[in-house]
Engineer: 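This is the structure, below, for whatever I ask next.
Indexing begins at 1, ligand by ligand and atom by atom, following the structure's order. For clarity, every value in this text was computed on a predicted model and none was experimentally measured. Quick note: residue numbers are just sequence positions, from 1.
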Amino acid sequence: MDDLTIRNIEPTDYQPVISVLNDWWGGRNMSDMLPKLFFVHFRETSFAAESEGKIVGFLIGFLSQTFPDQAYIHFAGVHPDYRRKGLAGNLYRHFFEISRNHGCRVVHCVTSPVNKAAIAFHLRMGFSIEQGDKLIEGISVAENYDGYGSDRVLFIKLLGT
Ligand SMILES: CC(C)(COP(=O)(O)OP(=O)(O)OC[C@H]1O[C@@H](n2cnc3c(N)ncnc32)[C@H](O)[C@@H]1OP(=O)(O)O)[C@@H](O)C(=O)NCCC(=O)NCCS
């Protein structure tokens, strides 16, 4: 991955990303949760990682309008062949830096309780799990957080200075 580059996302990245999204998430239907608007209106805080001219990872995030000291990572994914090489970590650190430069002190994100890899990844990245309503396999989970039956694990990370 010597040629890996990280750049801001572009509207033209929507099609290549959305076409692989469900595969990268192990066949789960995720594409409805990532509409094109993120590739248009959140470019400053969303990134594509490219290797040999193709997108091998991406992160979609934004700065909270309501809480100026908070940022949110909505989606991040890495091509299965490029995992466990530090790529998502690089994308997250890039997002932390941009967020910090905008005065943010806190980053939030959520994941599904079934996504054990994402839970392990976020804990390794220094996130803590926020208190939910119930425990699933020892993990605190917010019940029906994203609609009926859509429980979520809520993550929070404080950005150092
Ligand atoms: C979760 C995901 C983004 C991680 O990407 P990645 O590029 O493999 O992650 P990294 O290599 O940067 O890993 C960073 C740290 O997390 C750890 N980690 C990553 N995946 C892990 C896993 N499946 N189990 C345990 N630890 C894991 C790494 O070991 C590393 O820790 P280290 O620095 O101590 O070695 C990737 O597996 C993925 O795209 N999954 C499908 C999409 C998804 O679930 N996204 C979740 C966010 S919405």
Engineer: Per the salt bridge (charged side-chain N to carboxylate O under 4.0 Å, His left out) rule, what does the pair list look like for residues 125-150, sequence neighbours excluded?
Structural biologist: K116-E137, K134-E143, K134-D151, D146-R152

Engineer: Nearest protein heavy-atom contact for atom 25 (C) of ligand 1: which residue, which atom, what distance?
Structural biologist: A120 CB, 3.3 Å

Engineer: Where is the nearest protein heavy atom to atom 12 (O) of ligand 1: which residue, which atom, and how far?
Structural biologist: G89 N, 2.8 Å

Engineer: Which protein non-hydrogen atom lies closest to atom 3 (C) of ligand 1, naming both residue and atom, and how far is it?
Structural biologist: A88 CB, 3.8 Å

Engineer: The criterion is salt bridge (Lys or Arg N to Asp or Glu O under 4.0 Å); which residues satisfy it with R43, sequence neighbours excluded?
Structural biologist: E10

Engineer: Which protein heavy atom lies closest to atom 24 (N) of ligand 1, and at what distance to 0.1 Å?
Structural biologist: R84 NH1, 3.5 Å

Engineer: Between W25 and ligand 1, which part of the residue brings a heavy atom under 4.0 Å of the ligand: side chain, backbone, both or neither?
Structural biologist: side chain

Engineer: Specify side chain, backbone, both or neither for N115, according to which of its non-hydrogen atoms lie closer than 4.0 Å to ligand 1.
Structural biologist: side chain

Engineer: Would you mind checking which non-hydrogen protein atom is closest to atom 23 (N) of ligand 1, with the distance to 0.1 Å?
Structural biologist: A117 CB, 3.3 Å

Engineer: I need the contact type for K85 against ligand 1. Using non-hydrogen atoms and a strict under-4.0 Å cut-off, is it side chain, backbone, both or neither?
Structural biologist: backbone

Engineer: What protein heavy atom is closest to atom 17 (C) of ligand 1, reported as residue, atom name and distance in Å?
Structural biologist: R124 CG, 3.8 Å

Engineer: Students should be able to answer this: which protein heavy-atom is nearest to atom 45 (N) of ligand 1, and at what distance?
Structural biologist: A76 O, 2.8 Å

